S.K.: 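Structure in structure tokens, see below.
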Amino acid sequence: MYYIYILLLKNGDLYKGYTARLKSRIREHYLGKVKSTKNYLPIKLIHYKAYLLKKDAERREKFLKTTEGKRFLNQQLKELLKNIVRSGEVA
């Protein structure tokens, strides 16, 4: 299995990633071992999706990093993000 995942960073931004080993990759993020997220701890895993084919996961991650993909993701996670902000989970 291959996964795309979305992390909510301390500053409120969304980080999009792709991996074949979801649990260990998320652990690396939480422990500050990933260069692109280590300065934005704490982080929160808010979404992930599994794919059977590596190419499909790679394609989805690439799309989510485009302007259109960011718009789609914000719309898809709109209620979740509102609830997180309302509960004060974002610093």
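Basis for what follows: all heavy atoms, side chains included, without hydrogens, waters or symmetry-related copies. Note that the coordinates shown come from a computational prediction; the quantities given were computed from them, not determined experimentally.
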S.K.: Report the distance from atom CG of L45 to atom CD1 of I26, rounding to the nearest 0.5 Å.
M.R.: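 It comes to 4.5 Å.
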
S.K.: Starting from the C-alpha separation in whole Å, work towards a yes-or-no answer on side-chain contact (heavy atoms from CB on, under 4.5 Å) for Y3 and K49.
M.R.: CA-CA 6 Å; Y3 304 88; K49 188 170 182 176; over 6 Å; no

S.K.: Let me confirm one number: the CG-CZ distance from L64 to F72, rounded to the nearest 0.5 Å.
M.R.: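 Nearest 0.5 Å value for the CG-CZ distance: 7.5 Å.
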
S.K.: How long is the gap from CD on E61 to CD1 on I6, to the nearest 0.5 Å?
M.R.: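 CD1 of I6 is found 8.5 Å from CD of E61.
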
S.K.: Go through the steps for H29 and Y5 under the test side-chain contact (heavy atoms from CB on, under 4.5 Å), then give the verdict.
M.R.: CA-CA 12 Å; H29 280 286; Y5 59 95; 2.8 Å; yes

S.K.: Salt-bridged, E28 to R21, with N to O below 4.0 Å?
M.R.: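 Answer for the salt bridge query: yes.
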
S.K.: For the NZ atom of K78 and the CG atom of L73, what is their distance to the nearest 0.5 Å?
M.R.: 13.5 Å

S.K.: Crowded around L52 CG? As in, over 12 foreign heavy atoms under 6.0 Å?
M.R.: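 Open: at most 12 neighbouring heavy atoms sit under 6.0 Å from CG of L52.
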
S.K.: With a 3.5 Å distance limit and no angle check, can you tell me whether T37 reaches the backbone of Y40 through a side-chain donor-acceptor pair?
M.R.: no

S.K.: Of all heavy-atom pairs between K54 and Y2, which one has the smallest distance, and what is that distance?
M.R.: N-CD1, 3.4 Å

S.K.: Kindly compute the distance separating NE2 (H47) from CD1 (I4), expressed to the nearest 0.5 Å.
M.R.: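 Nearest 0.5 Å value for the NE2-CD1 distance: 4.5 Å.
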
S.K.: For K33, is the NZ atom crowded, meaning more than 12 foreign heavy atoms sit under 6.0 Å from it?
M.R.: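 12 or below, so no.
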
S.K.: Does any N or O in the side chain of N74 come within less than 3.5 Å of the main-chain N or O of K70, such that one atom is a donor and the other an acceptor?
M.R.: yes

